[in-house]
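Since this is a predicted model, take the numbers as computed values, not measurements.
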Amino acid sequence: MDKFMERAVELAVKNVQEGGQPFGAVLVKDDNMIAEGVNELHKVYDVSGHAELLAIRRAQEQLQTNDLSGYTMYASGEPCAMCLTAMYFAGIEKVFYCAEVEDAAAAGLEKSKMIYEDLKKSKEERTISMIRMPLNKGQENPMKLWAERS
């Protein structure tokens, strides 16, 4: 097993031993570990406190950039939709993982699998109601403002 994946799994095991979930992540560039994280939901009561997101946040803060193009994520488990989306936004180009979402579901962590399945559905069929509300007449349009600024 690759040294970075070994580290991600090591972080996940330690996190379980400390009362957390079995997820660890290591962000790498040019064969150097840049940042790491574990799921911290049990410590900070923040559903976005996932291993991959924390590694991304730490790297971006340390490097003062939002662009992580050329970086690789190593994760003990297949990233959830939220973490994967963050990787898209950050420009991360490759992800290695051990356990699949089906493995997590079998271990009692079903949300990732459920969310991936829900996202395949049309907006109208999803578990969360998505209702578009247009701007009020005369209200400034933030998207138009952004487009004009660019």
Inter-residue atom distance [X].[atom1] - [Y].[atom2], 0.5 Å rounding:
X      : Y      : atom1 : atom2 : value
Tyr74  : Met5   : OH    : CE    : 7.5 Å
Leu27  : Gln60  : CG    : CD    : 9.0 Å
Cys80  : Met114 : SG    : CE    : 11.0 Å
His50  : Asp46  : NE2   : CG    : 8.5 Å
Gln139 : Asn141 : CD    : CG    : 8.5 Å
Met73  : Glu93  : CE    : CD    : 13.0 Å

Is there a side-chain contact between [X] and [Y] (heavy atoms, below 4.5 Å)?
X     : Y     : answer
Phe23 : Val38 : no
Ile34 : Leu63 : yes
Val9  : Pro22 : no
Arg57 : Ser48 : yes
Gln21 : Val16 : no

Under a 4.0 Å N-O cut-off, is there an ion pair linking Lys113 with Glu102?
->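 No, this pair does not count.
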Crowded around Leu119 CG? As in, over 12 foreign heavy atoms under 6.0 Å?
->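 It does: Leu119 CG has more than 12 such atoms within range.
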Determine whether more than 12 heavy atoms belonging to other residues, nucleotides or ligands lie under 6.0 Å from atom CZ of Phe89.
->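 No, the 6.0 Å shell around CZ holds no more than 12 heavy atoms from other groups.
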Per the side chain to side chain contact (heavy atoms under 4.5 Å, CB included) rule, which among Ile56, Thr72, Leu84, Asp67 passes with Ile92?
->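 One option only clears the test, and that one is Ile56.
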Pair Arg132-Glu124, salt bridge (Lys or Arg N to Asp or Glu O under 4.0 Å): steps then yes or no = CA-CA 11 Å; Arg132 183 179 179 273; Glu124 297 76 27; over 6 Å; no
What residues form a salt bridge (charged side-chain N to carboxylate O under 4.0 Å, His left out) with Asp103, not counting sequence neighbours?
->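 So Asp103 forms no salt bridge (charged side-chain N to carboxylate O under 4.0 Å, His left out) with any residue.
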Expected output: side-chain [X] to main-chain [Y] donor-acceptor under 3.5 Å:
X      : Y      : result
Asn15  : Gly20  : no
Ser76  : Ala25  : no
Asn39  : Leu41  : no
Asp118 : Thr127 : yes
Arg126 : Lys121 : yes

All pairs passing salt bridge (charged side-chain N to carboxylate O under 4.0 Å, His left out) where residues 13-34 contributes a residue, at least two apart |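 Those involving residues 13-34 are Lys3-Asp31, Lys14-Glu18.
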